[in-house]
Amino acid sequence: MKKFVITISLVMVIGLLLGIFFYNQTPNQALPDIDPQPEEQSIDETPTQPEQIQGIYLNEQIGYSLQNDRLQITFDKGKNWITVPIEKDQLFAGEYNGNKQELIDHSYLLTENRTAFLYAEEPSWDSETIRILFTLDQGKTWMNSVVTEHYMGVRFRKVGFVDDQFGYHIRRADDVTRRFQCVLNI
């Protein structure tokens, strides 16, 4: 039995060596040349129209969209869209595992007079900075404020305003409500 196994092993090794030898002896086939020049568009073709933004409306006038991996808001039923200067991923940073096609409930405020988005920056794997980005003039100017630094793994987030100068945010179920002051009378 031992001789049989050795004989089969030798036949396999010889077969592999012959295969490698014959493979190296065959001539290489040249690949077809590819023209690096892009094809020119014919004059008859019509240019593509930008994709129509599909918004999520909070009322008849005001809405937002997360289309094309960016946050955009509208105050006129979608006739004009304003790009919010924030990365989409920052809106869902932390330990959020839900739907990323809509903003997290209560993590934003979108009204005619005040728009605010609560989000997290991740400077390192064990520490996040909770920030709020807000506007009082329907997106003409944006202000950014730090709410909490060195926070780990934000899960639940809620933002609200009591009046023109004081707001609050709640994070995680076991954390206390934090009040923060934003200079909103600019």
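If you're wondering where the values come from, they're calculated on a predicted model, not measured in any experiment.
- Taking CD1 from I130 and OG from S145, the interatomic distance works out to 12.5 Å, rounded to the nearest 0.5 Å.
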Checklist line | From CA spacing to verdict: side-chain contact (heavy atoms from CB on, under 4.5 Å), I82, F75 | finding: CA-CA 9 Å; I82 301 161; F75 295 96; 4.1 Å; yes
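- With hydrophobic clusters built from ILVMFWY side chains whose heavy atoms lie under 4.5 angstrom apart, V5 does not share a cluster with V13.
- With rounding to the nearest 0.5 Å, the separation of CZ in F117 from CD1 in I73 is 5.0 Å.
- Separating the CG atom in L136 from the CZ atom in R114 is a distance of 6.0 Å, to the nearest 0.5 Å.
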Checklist line | Working for side-chain contact (heavy atoms from CB on, under 4.5 Å), residues K140 and T135 | finding: CA-CA 8 Å; K140 291 179 182 78; T135 181; 5.8 Å; no
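- Summarising the geometry, atom CG belonging to D137 is positioned 6.5 Å from atom CE belonging to M143; distances are rounded to the nearest 0.5 Å.
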Pairs of donor and acceptor atoms involving the side chains of residues 55-64, under 3.5 Å and at least two apart or interchain, shall be tabulated with distances.
unit_1 : atom_1 : unit_2 : atom_2 : d
Y57    : OH     : K77    : O      : 3.3
Y57    : OH     : G78    : N      : 3.4
N59    : OD1    : Q61    : N      : 2.8
N59    : OD1    : I62    : N      : 2.8
Y64    : OH     : L103   : N      : 3.0

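- Here the OG1-CD distance, from T129 to Q90, works out to 10.5 Å after rounding to the nearest 0.5 Å.
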Next item on the list: Check the pair I86 / W142 against side-chain contact (heavy atoms from CB on, under 4.5 Å), numbers first and verdict last.
Entry: CA-CA 10 Å; I86 189 171; W142 291 93; over 6 Å; no
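- In this model, no donor atom of one side chain and acceptor atom of the other lie less than 3.5 Å apart for N113 and T111.
- You'll find the side chain of F92 reaches within 4.5 Å of the side chain of L66, heavy atoms only.
- Scanning for side-chain contact (heavy atoms from CB on, under 4.5 Å) contacts around N144 gives Y119, R131, L133, with sequence neighbours left out.
- In this structure, NZ on K88 lies 11.5 Å from CD on Q72, to the nearest 0.5 angstrom.
- A donor-acceptor distance shorter than 3.5 angstrom exists from the side chain of T74 to the backbone of N80, with no hydrogens or angles considered.
- Side chain of N99 to main chain of Q101: a donor-acceptor pair is present (N/O by atom type, distance under 3.5 Å, no hydrogens or angles).
- Between S65 and W81 there is a side-chain heavy-atom pair separated by less than 4.5 Å.
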